[in-house]
Amino acid sequence: MSPRPYRLGQRQVANEQTRSRIINAARELLMAYDSFSTFSLDAVARRADVVRATVYHQFGTKAGLLEALSDSLAASGGMEQLATVFRHPDPLDVLTHYILAFSRFWDADRLVTRRLRALAALDADFERVIRARDERRRQGVKVILQRLGEKQMLAPTQSLDEAADTLFTLISFETFDTLAGKERSMLEVAPQVCSLVCAALHLKTK
């Protein structure tokens, strides 16, 4: 048997280990107190103990690294469960589980998420990655609101766009982070967010 498949397998494992080490290094840098001034591909490479070219080889650009880090955060935050949320027949159940899914996600790595979103205001690469992720959340919001509208659960005086803006804002990281403060987890404030959403959208609940 040729040793080539074995060597290829070893190389793939090594590449995956290197990739994980770089992502973890980026996460650690974001957690540092001076992350706003020190985050760079050079700094990530130094912390991961690789050369800068290796970071480029694995991720292409800083945006590529940030995308991979965001994917890692989504995995650790259980965002794969989001696919099952829309299977609920009752749109109110969909809404509740959507809010809970994001409360778990926001809570999973709160400091890193806070730093990522703060740096989006200062760095174009961070901003593009965060905006793209937020747009996916907004699309989910629109689907939920359409289903609520089909069941005539939305106030007729509120346009779909206005309702989308309201719901998008209320389930944002910033809303959860503010309500949770230093003492509570975001899971603890999820019921409060659900109540705020129902009140703000004038939902006709059972």
| field | Leu196-Leu154 co-clustered via ILVMFWY side chain contacts under 4.5 Å | value | yes
| field | Considering all heavy atoms, the nearest Ala108-Ser76 contact | value | CB-O, 4.1 Å
| message | Between the side chains of Arg137 and Asp134, is the shortest nitrogen-to-carboxylate-oxygen separation below 4.0 Å, so that they form an ion pair? | response | yes
| Any chance the rings of Phe126 and Phe39 have centres within less than 6.0 Å? | yes
| query | Can Val55 and Lys62 be said to form a side chain to side chain contact (heavy atoms under 4.5 Å, CB included), step by step? | reply | CA-CA 9 Å; Val55 179; Lys62 183 166 69 173; over 6 Å; no
| field | CG-CZ distance between Leu111 and Arg27, expressed to the nearest 0.5 angstrom | value | 8.5 Å
| request: Could you give me the CA-CA distance, side-chain angles and deciding distance for Arg21 and Gln58, then say whether side-chain hydrogen bond (donor to acceptor under 3.5 Å, both in side chains) is met? | output: CA-CA 11 Å; Arg21 193 162 74 248; Gln58 289 284 345; over 6 Å; no
| Charged N-O contact under 4.0 Å between Arg133 and Glu67 | yes
| request: Can you measure from CZ (Arg147) to CG (Leu95) and round to the nearest 0.5 angstrom? | output: 11.0 Å
| note | Of all heavy-atom pairs linking Ala120 and Ile130, the shortest is CB-CG1, 4.0 Å
| Do Leu145 and Leu201 have side chains that get closer than 4.5 Å, going by heavy atoms? | yes
| message | The test is side chain to side chain contact (heavy atoms under 4.5 Å, CB included); show your working for Leu66 and Thr61 and say whether it passes. | response | CA-CA 9 Å; Leu66 295 173; Thr61 62; over 6 Å; no
| task | Look at Asp125 together with Arg128 and state whether they make a salt bridge at an N to O cut-off of under 4.0 Å. | result | yes
| field | Residues Lys142 and Asp161 bridged, charged N to O under 4.0 Å | value | no
| If you group Ile, Leu, Val, Met, Phe, Trp and Tyr by side-chain heavy-atom gaps below 4.5 Å, do Val143 and Met79 land in one group? | yes
| message | I'd like to know if the side chain of Ser72 reaches the main chain of Ala68, judged simply by a donor and an acceptor atom lying under 3.5 Å from each other, with no hydrogens or angles considered. | response | no
| field | Tyr56 and Leu41, any side-chain heavy atoms less than 4.5 Å apart | value | yes
| field | Spacing of Leu82 atom CG and Arg136 atom CZ [to the nearest 0.5 Å] | value | 11.0 Å
| query | With a 4.5 Å heavy-atom cut-off, do Thr175 and Val189 have their side chains touching? | reply | no
| According to a 4.5 Å side-chain heavy-atom criterion applied to Ile, Leu, Val, Met, Phe, Trp and Tyr, with indirect links allowed, do Ile144 and Leu160 form part of one hydrophobic cluster? | yes
| Is any side-chain N of the basic residue among Arg138 and Asp165 closer than 4.0 Å to the acidic one's carboxylate O? | yes
| Crowding at CD, Gln152 (>12 non-hydrogen neighbours, <6.0 Å) | no
| task | Taking the side chain as every heavy atom from C-beta outward, state whether Leu92 and Leu148 have any atom pair closer than 4.5 Å. | result | yes
| field | Phe173 reachable from Leu179 in the ILVMFWY side-chain graph, under 4.5 Å edges | value | yes
| remark: What one should report as the nearest heavy-atom pair of Pro91 and Lys151 is CG-CG, 3.7 Å
| note | When every non-hydrogen atom of Ala43 is compared with those of Leu29, the smallest separation belongs to C-CD1, 3.5 Å
| field | same_hphob_cluster(Leu203, Val94) at 4.5 Å side-chain heavy-atom cutoff | value | yes
| field | Flag for Gln139-Glu135: side-chain donor and acceptor within less than 3.5 Å | value | yes
| said: Please report the interatomic distance CZ(Arg46) to CG(Asp42), rounded to the nearest 0.5 Å. | reply: 6.0 Å
| request: Classify the side-chain pair Ser172/Thr169 by whether it contains a donor and acceptor separated by less than 3.5 Å. | output: no
| field | Side chain to side chain, Tyr98 and Phe86, heavy atoms closer than 4.5 Å | value | yes
| Can you check whether Ala53's main-chain N or O pairs, donor with acceptor, with His57's side chain at less than 3.5 Å? | no
| task | Could you walk me through whether Gln81 and Val85 pass the side chain to side chain contact (heavy atoms under 4.5 Å, CB included) test, one step at a time? | result | CA-CA 7 Å; Gln81 299 174 11; Val85 166; 5.9 Å; no
| task | Over all heavy atoms of both residues, which pair between Ala32 and Arg115 is shortest? Give the atoms and the distance, please. | result | O-NH1, 2.7 Å
| What distance separates Arg114 CZ from Asp109 CG, expressed to the nearest 0.5 Å? | 11.0 Å
| task | Would you please test Ser70 and Val129 for side chain to side chain contact (heavy atoms under 4.5 Å, CB included) and show each step? | result | CA-CA 8 Å; Ser70 296; Val129 170; 3.7 Å; yes
| Min side-chain heavy-atom separation Leu100-Arg104 under 4.5 Å | yes
| field | Minimum side-chain heavy-atom gap Phe59-Thr54 below 4.5 Å | value | no
| query | Under 3.5 Å, is there a donor-acceptor pair between the side chain of Ser20 and the main chain of Glu16? | reply | yes
| query | Can any side-chain N or O of Arg110 pair as donor or acceptor with the backbone N or O of Asp177 at less than 3.5 Å? | reply | yes
| field | Check: Met186 main-chain N/O paired with Asp107 side-chain donor or acceptor under 3.5 Å | value | yes
| query | Is the Phe102 ring parallel, tilted or perpendicular to the Trp106 ring (thresholds 30°, 60°)? | reply | tilted
| task | Could you tell me which non-hydrogen atom of Ala190 sits nearest to which non-hydrogen atom of Ile99, and how far apart they are? | result | O-CG2, 4.1 Å
